[in-house]
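Working notes for the structure below.
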Amino acid sequence: MKTHEQWTSKLGFILAAAGSAIGLGAIWKFPYMAGTNGGAIFFLFFILLTIFVGAPILIAEFLIGRNSQKDAIRAYQKLAPGTKWHYIGGAGVIFSFILLSFYSVVGGWILSYLGRSITGSLSNANYGELFNEIIANPIEVVVCQFIFMIMTIMVVKGGVQKGIERASKYMMPALFLLFIILAIRSLTLEGAGAGIEFLLKPDFSALTAETILLALGQAFFTLSVGISVMVTYASYLSKSENIVKSAFSVAGLNILICFLAGIVIFPAVFALGFEPGQGPGLVFVVLPAVFNEMAFGSVFLFIFLVLLLFATLTSAFSILEIVVAVLVKDEKEKRGKLAWISGLLIFLVGVPSALSFGVFSEVQLFGKSIFDAADFLVSNIGLPLGALFISLFVGYRLPRNLVKEELSMGTNGLGIFYDIWYFSIRFVVPIAIAVVFLQSIGLL
Ligand code: PFF
């Protein structure tokens with residue numbers, strides 16, 4: 001009898017991995033990070049770092065997961081018994097916990113918007129004011145965050161095959177299609193050109209070490225790498241799949257969605273007179289305004305919010321899954337209970353983040369709001385450091401023949417590509433992460 005579940009098809013794995021990757025990172029976070037960090041220069045570094053640092057790490061996580069067929073902690077224990085390497089997975093679980101605690105807050109905002117789009121109160125509103133009003137309302141944000149977590153728990157408790165995979169198949173292509181329609185609308189607004197320039201014409205004089213660190217954090221965030229979430233997903237992957245191809249498909253799709261999000265948001269920002277550097281509200285303020293300019297805008301807005309909710313949920317599933325997989329071990333009968341317990345705990349930990357735009361807006365951690373501090377801790381410390389140790393683990397700890405054999409499965413041989421990747425994972429990736437990280441905290 002099989003003790004470890006598997007994805008039912010090749011497409012199933014790619015969709016689930018892409019579902020984890022594509023979410024708020026590309027659609028909500030990317031536009032506002034680009035908006036506050038110089039636009040095109042941020043985008044350029046984001047692309048370079050996704051291809052040359054993020055994708056090699058994604059391959060490494062897939063390799064660890066598929067080879068071991070274990071969860072985030074036991075994978076490292078199995079591959080390096082009696083060592084401390086499994087702390088990488090332990091740290092990953094803790095960071096996942098914090099990540100989902102604030103990710104679910106934004107998931108809740110989407111639910112608020114969705115509710116309003118049904119009642120019709122989203123057409124012709126002052127979107128800036130509306131957004132500030134929603135995120136400052138303590139009851140609304142906490143209730144919506146709670147509902148979002150319940151939805152996440154309900155799917156994750158059913159297991160990866162039934163829940164995650166089936167749900168991803170239709171929604172992802174639909175999201176893509178709607179983005180294309182939106183991009184056309186946004187690009188044909190009068191004055192859209194300034195937005196395209198903002199997104200695509202880099203101004204190198206705006207480049208700082210912090211921009212590069214934030215772009216690196218963004219690349220890891222959108223790819224879901226650094227905290228062993230992808231180790232967990234790949235543990236359900238069969239030996240006949242090509243890991244390298246899967247990783248590049250996920251990375252490519254991700255860049256594409258970020259690009260589409262940017263091409264929808266920025267032309268509209270400039271055409272409709274919004275401020276690109278306004279922060280986390282950007283998408284929530286600009287998108288409803290774009291829909292307002294469209295025929296049947298409120299219907300499209302509703303569909304868009306459903307799809308955005310979906311993209312957010314498929315990422316949330318993966319984050320809760322790593323925690324649950326570690327707790328469940330092989331005792332499958334406990335899965336439901338453990339999903340509830342961990343999901344509800346994550347919700348509780350996230351409540352202060354949810355309130356940090358209203359009741360707790362005065363509370364500061366390291367000079368940031370609670371929400372921003374949690375995000376910074378995960379995106380710009382947890383993910384890069386996790387990725388650094390994963391590259392060292394694969395590059396120096398795992399036997400060379402194991403690495404090569406695992407990566408070559410499901411391929412006709414990788415040729416020179418393998419050597420380039422192996423060199424990157426041993427030298428380029430760790431050095432790049434270390435330099436960017438030390439620079440940004442002022443130690444270099
Ligand atoms: N990649 C997700 C997004 O871009 O929304 C967020 C995420 C999921 C980050 C899982 C990290 C992770 F392990």
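Start at 1 and go down the list; that is how both ligands and their atoms are numbered.
- Under 4.0 angstrom from ligand 1, the non-hydrogen atoms of Leu99 all belong to its side chain.
- Nearest to atom 2 (C) of ligand 1 by heavy atom, out of Gly92, Ser20, Gly382, is Ser20.
- Distance from atom 13 (F) of ligand 1 to its nearest protein heavy atom, with residue and atom name: Val229 CG2, 3.0 Å.
- Ranking protein heavy atoms by distance to atom 9 (C) of ligand 1, first place goes to Phe221 O, 3.3 Å.
- Side chains of Thr232 and Lys70: no donor on one and acceptor on the other come within 3.5 Å.
- Here Tyr103 has side-chain heavy atoms under 4.0 Å from ligand 1, and that is the only part of it that gets that close.
- Geometrically, ligand 1 and Val225 share no nitrogen or oxygen pair separated by less than 3.5 Å.
- For the atom pair Glu406 CD and Ile59 CD1, the distance stands at 12.5 Å (nearest 0.5 Å).
- Between the side chains of Ser20 and Ser224, at least one donor N or O sits under 3.5 Å from an acceptor N or O.
- Electrostatic pairing of Glu241 and Arg66 does not count as a salt bridge here, judged by no charged N lying under 4.0 Å from a carboxylate O.
- Between Leu282 and Ile265, the shortest heavy-atom contact is CD2-CG2, 3.9 Å.
- Put simply, the side chain of Tyr233 does not reach to within 4.5 Å of the side chain of Ile322, judged on heavy atoms.
- Under 4.0 Å is where a charged nitrogen must lie from a carboxylate oxygen, and between Glu321 and Arg335 at least one such pair does.
- Contact atoms of ligand 1 toward Gly25: 3 (C), 4 (O), 5 (O) (distance under 4.0 Å to a heavy atom of the residue).
- In this structure, the protein non-hydrogen atom closest to atom 4 (O) of ligand 1 is Ala21 O, 2.9 Å.
- With respect to atom 10 (C) of ligand 1, the closest heavy atom belonging to the protein is Ser224 OG, 3.3 Å.
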